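Quick caveat: nothing in here was measured; it's all calculated off a predicted structure. All heavy atoms count here, side chains included; hydrogens, waters and symmetry mates do not.
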Amino acid sequence: MKVLILCAAVLISSVSAGLLSPAPYAYARPAIVARPYAPYAVAKVAAPVEDYDPNPQYSYAYDIQDALTGDSKSQQETRSGDVVQGSYSLVDPDGTRRIVEYTADPQNGFNAVVSRQPLGAVVKAAPIAAIH
């Protein structure tokens, strides 16, 4: 028993003295080196001429009609040069369809006309399950 107590005492004193434990982790602060301002040389690369499109054009559309959730929306848009025309619609919770028709061009900027059409039915949100 005396030997066991003596070994425990030696072990505890060695740990407290740091002989049996690894050195504590130490993180050195990064050295801050003062550098005089030096402008960096930046190479300017001209874009190839063939990448420029003087008359960009695109057209897209989508239509979503989900009877399960009541989600009903659509959008279409076309671009020819600097003129963009399009419209989108969605069903508001009060049962009306909101339709937004818009145009954008360099002379007049962005212009939108909003109209509403009654659908006759109130759209209800999908039920959310309660979390207990």
Side-chain angles (χ1 to χ4, degrees):
M1 185 70 168
K2 290 180 184 179
V3 174
L4 185 60
I5 292 173
L6 180 63
C7 289
V10 170
L11 181 64
I12 291 172
S13 64
S14 298
V15 169
S16 64
L19 299 176
L20 295 179
S21 65
Y25 292 106
Y27 297 100
R29 291 181 58 190
I32 299 173
V33 179
R35 294 186 178 126
Y37 172 75
Y40 296 98
V42 177
K44 293 184 179 180
V45 179
V49 176
E50 57 270 6
D51 285 346
Y52 176 72
D53 185 359
N55 189 27
Q57 296 183 354
Y58 66 82
S59 180
Y60 75 90
Y62 68 84
D63 185 29
I64 298 172
Q65 304 299 322
D66 190 346
L68 181 64
T69 63
D71 192 12
S72 174
K73 57 189 166 193
S74 63
Q75 182 174 4
Q76 66 84 25
E77 183 175 287
T78 59
R79 176 179 181 176
S80 180
D82 290 334
V83 178
V84 177
Q85 296 178 328
S87 67
Y88 64 90
S89 69
L90 58 105
V91 176
D92 285 329
D94 65 357
T96 59
R97 178 174 300 279
R98 182 183 337 158
I99 302 168
V100 179
E101 298 175 323
Y102 58 90
T103 59
D105 61 50
Q107 290 78 28
N108 301 312
F110 179 82
N111 293 293
V113 176
V114 180
S115 61
R116 296 172 59 113
Q117 296 176 344
L119 293 178
V122 176
V123 177
K124 295 182 181 178
I128 298 174
I131 299 174
H132 297 283

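- Clustering ILVMFWY residues whenever any of their side-chain heavy atoms sit less than 4.5 angstrom apart, transitively, puts Val84 in the very cluster that holds Val114.
- Proximity of Thr103 to Asn108: side-chain heavy atoms (C-beta onward) are nowhere separated by under 4.5 Å.
- The CD atom of Gln85 sits 5.5 Å away from the OG1 atom of Thr78 when rounded to the nearest 0.5 Å.
- For the pair Thr96 and Pro118, the tightest heavy-atom approach, listed with the atom from each and the gap, is CG2-CA, 4.0 Å.
- Put simply, Leu90 and Val113 are part of two different groups of oily side chains (I, L, V, M, F, W, Y) that touch within less than 4.5 Å, one to the next.
- Contact annotation: the side chain of Asp82 never approaches that of Asp105 to less than 4.5 Å [non-hydrogen atoms, C-beta and beyond].
- In the displayed structure, Arg98 atom CZ is contacted under 6.0 Å by at most 12 heavy atoms of other residues, nucleotides or ligands.
- Residues Tyr102 and Ser87 come closest through the heavy atom pair CE2-N, 3.6 Å.
- Asp92 places no side-chain N or O within donor-acceptor distance of the main-chain N or O of Asp94, the cut-off being under 3.5 Å.
- If you check the side chains of Ser72 and Gln65, you find a donor sitting under 3.5 Å from an acceptor.
- In terms of heavy-atom proximity, Ala112 sits nearest to Val100 at CB-CG1, 4.1 Å.
- No donor-acceptor contact under 3.5 angstrom links the side chains of Glu77 and Tyr88, judged on distance only.
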